[in-house]
*Asks:* 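Please see the structure below; I have some questions.
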Amino acid sequence: MSRFKGKSKKAMPGISTASLPDIVFMLLFFFMVATVSKEEDPIVELTIPNAEECTKIEDKSLEAIVNVGTPIAELQAQYGSEPRIQLNDAIKDLTGIPQFIEEKRQEIKSQSPDPDLGNRLSKKMIVSLKVDQKSKVGVLDDIKQELRKMNALKVSYVVNNIGENY
Amino acid sequence: MARRSSPEISAGSMADIAFLLLIFFLVTTTMEKEAVIMRILPEINNESTEEVQRRNVIDILVNDENKILFKGELVLMSELKEKLMEVILNESDRKDWPQNIELDFEKLQGLVDKAKGELEKADQYTLEAKESNLKKAQLRLETYEIFGADFKKSAHVVSIQSTRGADYKTYIELSDQVLLAYKAMKEKLAKKRLNKNWSELTSREKEMLSLVYPTNVSEAATVKGASN
């Protein structure tokens with residue numbers, strides 16, 4: 001018993017914080033690798049429709065995002081209150097789509113040092129359509145027609161997953 | 001100039017800097033992936049090349065008032081799934097509903113043998129493609145062994161069309177119902193042949209079920225040919 005007593009009299013040594021930066025850096029690197037930065041803020045109103053049976057896009061770098069909806073309140077004076085197309089961070093007409101697709105293809109190609117692989121990757125591009133649920137199908141039809149002209153045939157409709165699993 | 005040993009830099013604030021960066025990345029991170037409905041658009045210039053028999057096309061149309069026409073008759077969104085399943089499966093073998101083509105073991109075995117032969121001849125550029133071909137053929141054969149007569153090739157195409165004035169919300173709801181119909185068919189078959197619920201299936205079994213009921217949805221299937 002006396003042995004224990006003797007020990008408890010000693011002062012508690014402070015826990016060394018020297019390895020704290022290491023731990024934090026480890027976490028930091030994890031998040032840096034796992035991060036996909038948020039895309040630019042939408043400048044159109046976007047309420048995404050619900051769906052139960054959906055899939056997910058595995059590789060976000062192959063995704064080209066097109067937003068469709070009524071412009072936000074501050075921009076309505078300039079662009080009106082009809083649903084419009086947002087490409088990158090500006091409101092564009094249908095005529096802006098070919099250039100947007102072409103730019104995105106180049107961007108995907110430049111990700112890979114091997115031009116052959118880059119070409120193949122750019123063919124896998126998916127155009128993600130984020131469309132406000134109050135929009136009419138007509139707007140979407142026009143966009144799809146433009147995409148078909150550009151031979152960008154893989155599209156996806158972004159939805160709100162309300163199903164239990166993927 | 002007296003030489004002084006340079007004082008050590010305190011590493012105490014290192015943690016603070018790292019924390020700051022960490023918090024920045026935490027905030028900008030979007031970990032969860034977006035849910036999407038995938039669709040392949042038809043090519044613009046082959047409108048006349050792909051001919052689908054009239055009986056094999058399942059038309060679904062949404063009009064300006066968001067009413068749904070399923071094979072020309074007005075249906076409710078809630079009825080759509082069941083009706084679509086009935087028509088795709090076509091168990092009563094109706095002549096005006098999509099055709100089911102029976103498969104046989106010899107034919108599937110033949111395809112595997114053919115894929116094997118091609119793989120042996122493949123050079124380094126085509127190797128990958130030939131390998132995946134063989135895998136597909138083998139999977140198909142295995143599927144046939146498990147699902148037997150339930151594994152038929154359905155010639156159907158679900159054609160989702162919409163007028164310009166229809167709501168996007170309805171259009172997506174409709175697309176969703178179509179996909180749910182496929183899932184329900186797979187679930188039914190899994191229950192029947194494997195006696196398993198969806199969540200108990202392995203990914204390979206799911207792959208096989210997708211072979212039995214491949215999703216065949218078209219944005220605009222062109223209807224040609226009068227044969228009924």
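Letters A, B, ... mirror the listed sequences (proteins, then strands); counts begin at 1. Since this is a predicted model, take the numbers as computed values, not measurements. Because only heavy atoms are used, hydrogens play no part in the values below, and waters and symmetry mates are left out as well, while side chains stay in.
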*Asks:* Are the side chains of B:Ser162 and A:Val137 in contact, using a 4.5 Å heavy-atom criterion?
*Replies:*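 Answer yes - side chains close enough.
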*Asks:* Could you tell me which portion of A:Leu27 (side chain, backbone, both or neither) has an atom closer than 4.5 angstrom to a non-hydrogen atom of chain B?
*Replies:*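 Both backbone and side chain of A:Leu27 come within 4.5 Å of chain B.
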*Asks:* Taking the side chain as everything from C-beta on, heavy atoms only, tell me whether A:Gln133 gets closer than 4.5 Å to B:Ile172.
*Replies:* no
*Asks:* Considering only heavy atoms, which portion of B:Thr163 lies under 4.5 Å from any heavy atom of chain A: side chain, backbone, both, or neither?
*Replies:* backbone
*Asks:* Give, for atom CZ of A:Phe25 and atom CG of B:Leu22, the distance between the pair rounded to the nearest 0.5 Å.
*Replies:* 10.5 Å
*Asks:* Give a yes or no on whether a salt bridge exists between A:Lys136 and B:Asp167, defined as a side-chain N under 4.0 angstrom from a carboxylate O.
*Replies:* yes
*Asks:* For B:Lys196, I'd like to know if atom NZ has over 12 heavy atoms of other residues, nucleotides or ligands within 6.0 Å.
*Replies:*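 Yes.
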*Asks:* More than 12 heavy atoms of other residues, nucleotides or ligands under 6.0 Å from NZ of B:Lys136: is that the case?
*Replies:* no
*Asks:* Please assess B:Met38 against A:Ile126 for the test side chain to side chain contact (heavy atoms under 4.5 Å, CB included), listing each intermediate value before the final yes or no.
*Replies:* CA-CA 9 Å; B:Met38 292 291 284; A:Ile126 299 165; 3.9 Å; yes
*Asks:* Could you state the interatomic distance from CG (B:Leu41) to CD (A:Gln145), rounded to the nearest 0.5 Å?
*Replies:* 9.0 Å
*Asks:* Step through the shown structure and confirm whether more than 12 heavy atoms of other residues, nucleotides or ligands are within 6.0 Å of CD on B:Glu200.
*Replies:* yes
*Asks:* Check whether any side-chain heavy atom of B:Arg39 lies under 4.5 Å from a side-chain heavy atom of A:Tyr157, and answer yes or no.
*Replies:*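 In contact.
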*Asks:* Rounded to the nearest 0.5 Å, how far apart are CD of A:Glu52 and CG of B:Leu180?
*Replies:*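 So the CD of A:Glu52 and the CG of B:Leu180 are separated by 5.0 Å.
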*Asks:* Checking B:Tyr171 against chain A: side chain, backbone, both or neither under 4.5 Å from a heavy atom?
*Replies:*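 Side chain only.
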*Asks:* Walk me through whether A:Asp142 and B:Arg164 qualify under salt bridge (charged side-chain N to carboxylate O under 4.0 Å, His left out).
*Replies:* CA-CA 9 Å; A:Asp142 295 338; B:Arg164 291 183 64 87; 2.9 Å; yes
*Asks:* Just give me the residue among A:Ile23, A:Leu28, A:Leu140 that pairs up with chain B most often, heavy atom to heavy atom, under 4.5 Å.
*Replies:* A:Leu28
*Asks:* Counting only heavy atoms closer than 4.5 Å, note whether A:Asp22 contacts chain B via side chain, backbone, both or neither.
*Replies:*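 Neither part, no heavy atoms under 4.5 Å.
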*Asks:* For residues A:Pro49 and B:Glu173, determine if any side-chain heavy atom of one lies less than 4.5 Å from a side-chain heavy atom of the other.
*Replies:* no
*Asks:* With only heavy atoms counted, which part of B:Ile37 is less than 4.5 Å from chain A, the side chain, the backbone, both or neither?
*Replies:*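 Both parts, backbone and side chain.
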*Asks:* Evaluate the side-chain proximity of A:Leu153 to B:Glu43: yes if any heavy-atom separation is below 4.5 Å, no if none is.
*Replies:*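 Yes; the side chains approach each other to less than 4.5 Å.
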*Asks:* Other residues, nucleotides and ligands only: do more than 12 of their heavy atoms fall within 6.0 Å of CD on A:Gln111?
*Replies:*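 More than 12 heavy atoms, drawn from other residues, nucleotides or ligands, come within 6.0 Å of this atom.
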*Asks:* Where is the tightest heavy-atom contact between B:Asp176 and A:Ala51, given as atom of each residue plus distance?
*Replies:*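 Heavy atoms of B:Asp176 and A:Ala51 come nearest at OD2-CA, 3.3 Å.
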*Asks:* Can you sort out the partners of B:Asn197 under side-chain hydrogen bond (donor to acceptor under 3.5 Å, both in side chains), two or more places apart, ordered by chain and number?
*Replies:*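 So B:Asn197 forms a side-chain hydrogen bond (donor to acceptor under 3.5 Å, both in side chains) with B:Lys191.
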*Asks:* Within a 6.0 Å radius of atom NZ on B:Lys169, are there more than 12 heavy atoms belonging to other residues, nucleotides or ligands?
*Replies:* no
*Asks:* Table please: side-chain donor-acceptor pairs of residues 67-85 of chain B below 3.5 Å, with sequence neighbours left out.
*Replies:*
unit_1  : atom_1 : unit_2  : atom_2 : d
B:Glu79 : OE1    : B:Leu76 : N      : 3.1

